[in-house]
Amino acid sequence: MQNRKSRVSEWMTAFRFLPAMALIVACAPQDMPPPTRSAQFETYPERLFDTFETQCAGPGEKFEKVGNRVFECQEFLPPDTTAFLILNYDGYPQDLPKSVMRMTSTKNTTGYRVDAELFFNVPQKQGPAVKVPVESKALDQALGALFQKMGGSPT
């Protein structure tokens, strides 16, 4: 039980970086591809995805399966960050921006590749939402460490 609590705590530490990073992140231009964090697993990383779902159960958080082996955790942001995103990305105040962590698993010849994508989703009054990538070396390192602890090899 202690080992499971330790793994959950590690995931919470990595996942909780996202809202904190919202306050200091330098937003990348829209036309650049979003950063991804990836790892290769020999078998399907069920423990990773179970932990991901478990940790996305707090107030203002929503876990969702959005496709085949694609999972998201969406979370409302602090008021200052919300206002910044609405004002700087022409957001629609009646549909608030959220931080999104998306994990995708893809089967390949050596097992499963998992890609983590982190971004702010800023709904627009008309047209598709703007995806603002979150870039952070500290977050990349935390995700790499998490992947390794869950049995993956960062790529």
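Quick caveat, the model's predicted, so the values are computed rather than measured.
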Thr81 (side chain) donor-acceptor with Leu77 (main chain) under 3.5 angstrom: no
Verify, without hydrogens or angle tests, whether Gln55 (side chain) and Thr51 (backbone) share a donor-acceptor contact under 3.5 angstrom. no
For a 4.5 angstrom cut-off between non-hydrogen side-chain atoms, does Phe120 reach Pro97? no
Contact check, side chains of Asn121 and Lys131, non-hydrogen atoms, under 4.5 Å: yes
Name all residues meeting the side chain to side chain contact (heavy atoms under 4.5 Å, CB included) criterion together with Lys107; count only those two or more places apart in sequence or in a different chain, and write none if there are none. Arg69, Tyr112
CD1 of Ile86 to OG1 of Thr82, rounded to nearest 0.5 Å, is 6.0 Å
Of all heavy-atom pairs between Leu143 and Ala116, which one has the smallest distance, and what is that distance? CD1-CB, 4.2 Å
Do the numbers put Lys125 on top of the ring of Tyr92, so that NZ or CZ is under 6.0 Å from the six-membered ring centre and no more than 45° off the axis? no
Looking only at side chains, do Ser38 and Asp115 share a donor and an acceptor under 3.5 Å apart? yes
Derivation and outcome, side chain to side chain contact (heavy atoms under 4.5 Å, CB included), residues Val114 and Thr104: CA-CA 5 Å; Val114 174; Thr104 304; over 6 Å; no
Rounded to the nearest 0.5 angstrom, the CD-OG distance for Glu42 and Ser153 is 7.5 Å
Verify side chain to side chain contact (heavy atoms under 4.5 Å, CB included) between Glu61 and Phe76, making sure each step is shown before the conclusion. CA-CA 7 Å; Glu61 294 178 328; Phe76 285 107; over 6 Å; no
Could you check Phe52 against Phe63 for side chain to side chain contact (heavy atoms under 4.5 Å, CB included), going step by step and ending with a plain yes or no? CA-CA 9 Å; Phe52 183 49; Phe63 180 82; 3.7 Å; yes
Using side chain to side chain contact (heavy atoms under 4.5 Å, CB included) as the criterion, list what pairs up with Glu46, not counting sequence neighbours. Tyr44, Asp50
Which residues pass the salt bridge (Lys or Arg N to Asp or Glu O under 4.0 Å) test with Lys65, not counting sequence neighbours? none
Closest heavy-atom contact between Met150 and Phe41? O-CE2, 3.5 Å
Please confirm whether the ring centroid of Phe71 lies under 6.0 Å from the ring centroid of Phe49. yes
Asn108 meets the side chain to side chain contact (heavy atoms under 4.5 Å, CB included) criterion, sequence neighbours left out, with Gln40, Thr110, Arg113
Please determine whether side chain to side chain contact (heavy atoms under 4.5 Å, CB included) holds for the pair Phe119 and Val132, giving the CA-CA distance in whole Å, both sets of side-chain angles, and the decisive distance to 0.1 Å. CA-CA 5 Å; Phe119 59 92; Val132 181; 5.8 Å; no
Between Gly151 and Arg47, which heavy-atom pair has the shortest distance, and what is it? N-NH2, 4.2 Å
Nearest heavy-atom contact between Ala129 and Pro123 is CB-CA, 3.9 Å
Are Lys62 and Cys56 close enough that some pair of their side-chain heavy atoms sits under 4.5 Å apart? no
Among residues two or more places apart or on two chains, list those pairs meeting salt bridge (charged side-chain N to carboxylate O under 4.0 Å, His left out) that have a residue in residues 86-102. Glu72-Arg102, Arg102-Glu117
Can you tell me how far the CG atom of Leu48 sits from the NZ atom of Lys149, to the nearest 0.5 Å? 14.0 Å
Can you measure from CZ (Arg37) to CG (Leu118) and round to the nearest 0.5 angstrom? 5.0 Å
I'd like to know whether CD of Gln124 has more than 12 heavy-atom contacts from other residues, nucleotides or ligands below 6.0 angstrom. yes
With ILVMFWY side chains joined below 4.5 Å, transitively, what does Val66's cluster contain besides itself? Val70
